[in-house]
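A short write-up of the structure that comes next.
Just so it is clear, the values below take in all heavy atoms, side chains as well, and ignore hydrogens, waters and symmetry mates.
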Amino acid sequence: MKKQPVLRSVLCLLLLLAVLAAGVYGINGFTAPRIAENERLAAEAAAAAEKALLGNSVMLFDREDEAASTISVSADTVQSVYQDDERGLYLVRLSTSEGYSKLPILLTLTLDYDGKIVSLDINENPDDKELGEEFPLSFEGQDSTLAGVNLVAGVTFSSSAIRNAVNDGFNALIDNGLFAAAEKSDDQLLNELLPQVYPGLVNKAGVPQGEELAGSGSVSSGIKAANGSGFAWFVTGDESLLAVDSALDTVKLYNTAGEDVTGTADSSLIEEIQALSDANADDYTDKDLKAFGRMLDEDAELTAVEIPGLCNSVNGAYIAQTADGERYAFVARPYGYSNEVMDFYYVLDEDGAIDAFRIAELIIYSEYYSAYTLDEDSYKEGLLGLTQDSYTGEQTLISGATMTSQAADTAMQDVFEAYRLLMESRG
Amino acid sequence: MKKKLLSGNPVLLLFLGAAPALASSTSVTSALGMGIAVIGVLLCSALVLGLLRNLIPEEAKLSAAVIVVAGFASMAQLLLHAFLPSAYAMLVFYAAVLGVDLMLFGSAENAMDAGLGKGLVNALVSGLCFLVFVLILAAIRELFGAGSFAGKAVDGLKDIKIALLCQPSGGLFVFGILLAVVNKLFPSTDGAGALTSASAFLESEQKEAEA
């Protein structure tokens, strides 16, 4: 008897399900042709828009059909190049995955025959952060130097990725002789040189991190590194120069061609630069000694040292005399999540192996949206004993924390480099 | 009616339908599309369940409500895709979420308890409540978050827009502000808090249905 209500409920629900399923099926039969027609019309509209854009353009390069291409392009960001003789334009389709989300950003770059940008269209941008309307407009009228294009504050990874892709687009046409490269100003050349000669100043995207400073005398301006690794000064005069005054090395001077001209420079210029740096420098010694005091035995004596040739994120180096022998203490300050400076403290033994490691705040918890767990003690233990040879990069990897992992990797590599140069200088 | 639309609004009072409301309120156009879809599903579900209420066993009423709502939500999705492709392109995933919207289930169950006539009226009122709420939410988010209204840029607002309002967290923030404003303007008669007001509201709904 009790089975009857259950049976009745089941039958009722099955009947309801069958009727509604029939209804959905019927509606689907009625709407499917219309949906297909809508999709066909949308595809035709997209093709017509593409045709309107390309006009009677001739394909010069297509990554998917390189055999039919008449020019060669090495940069992976360039997907296709078209030439429109009627309108005197080149159309370059670009795709870059170097933005914040690492998903493809699709661009269409339109250039005239004089090598000036007519327009830059961002066709697809999967990144959450808004670039704003001004950024693509800032490319219009620019030549291959892209002098008037500034990165968007707070969206530096994506705006830098787009700028680099546009640069690749220009190079694709310049390398094939379609127009000549514009001449870059000395300032531009020196700014482009900066990440190569002073990696401690820039983040992973190659963007300088620091405070702009006014210069004096021969020095027009400078940048004080946010992580205390030193200063970059721009020198004007008969020859424009870039001066790098690293925290652990003496002043180095470079010309616009990237050549080290320190040996031939006027000593008074070098003194001027050192004086400017000293006037603006912060002293991290007390902070460093306090941190190392916790990592070494009580009787350890620390002596600060300079390391010739070093200008990465390491801004503190000490030789420690301990009961166990000589130890080498380094402080690396790379840029982590949101370009925040992270303080990594290392003590290496006589064989260059990590003897102790310390960091105040490994994961900036408040910055991450997803629930996050890391066994910090195990992570730190895993770094002990590593040398430059045994370090593969995987030991510093933190799943789900890409920027922190990159900062930890930078710190590790920079510290090993600092150790190597220190040993070299000591003979 | 005013009380029902504002302080008695199931979205504001009971947080029913808040998920699709928040999800579709990034622009006025998608909010309007979602609101119309919700009203359609509510009315169709109330009609079918109101007609069949005497035939469906008591034990099967909730399951029947789920099946009917899911069926009509699927039909709404197909019809949107076919006849309003631009609105569908904005809604897509959110239209599928309709099939699991608690407000729709609640209204469908009410139709089976209250009868066809009252069920249809309740469904229409609930749908209008949802539409009003989601349009107000979308208007605020689009105007102050994107500097536009129904896709058209508004002069003067573009320079002061707060992009966060177009993000999920911004939607919750605006939702909270709306809730606070409505509670302040239309407090419950006994001055009780929101939870007490919610249970009192549910009791009054039940009494109305039984009457």
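Neither the backbone nor the side chain of A:E37 comes within contact range of chain B; no heavy atom of the residue lies under 4.5 Å from a heavy atom of that chain. Looking at B:S63, both its backbone and its side chain come within 4.5 Å of chain A, counting heavy atoms on both sides.
Other residues, nucleotides and ligands place no more than 12 heavy atoms under 6.0 Å from the CZ atom of B:F173. Remark: A:E44 CD is packed, more than 12 non-hydrogen atoms of other residues, nucleotides or ligands lying under 6.0 Å away. Annotation for A:K116: atom NZ does not count as buried by contact number, only 12 or fewer foreign heavy atoms lying within 6.0 Å. More than 12 heavy atoms of other residues, nucleotides or ligands shown are found within 6.0 angstrom of CZ on B:F83.
Of the listed residues B:P57, B:S74, B:A82, the one with more heavy-atom pairs under 4.5 angstrom with chain A than any other is B:A82.
The shortest non-hydrogen separation linking B:A64 to A:L16 is CB-CD2, 3.5 Å. Nearest heavy-atom pair, B:L55 versus A:C12, reported as atom, atom and distance to 0.1 Å: O-SG, 4.1 Å. The nearest pair of heavy atoms linking B:E59 to A:S9 is OE1-OG, 3.4 Å. Residues A:V24 and B:G71 share a closest heavy-atom pair of CG2-O, 3.7 Å.
Looking only at distances, no side-chain donor or acceptor of A:N28 sits under 3.5 Å from a matching main-chain atom of B:L78.
Shown here are the side-chain hydrogen bond (donor to acceptor under 3.5 Å, both in side chains) partners of A:D168, two or more places apart in sequence or in another chain: A:T77.
B:M75 has its side chain out of reach of A:T31: every pair of non-hydrogen atoms, C-beta onward, lies at least 4.5 Å apart.
To the nearest 0.5 angstrom, A:L13 atom CG is 4.5 Å from B:I67 atom CD1.
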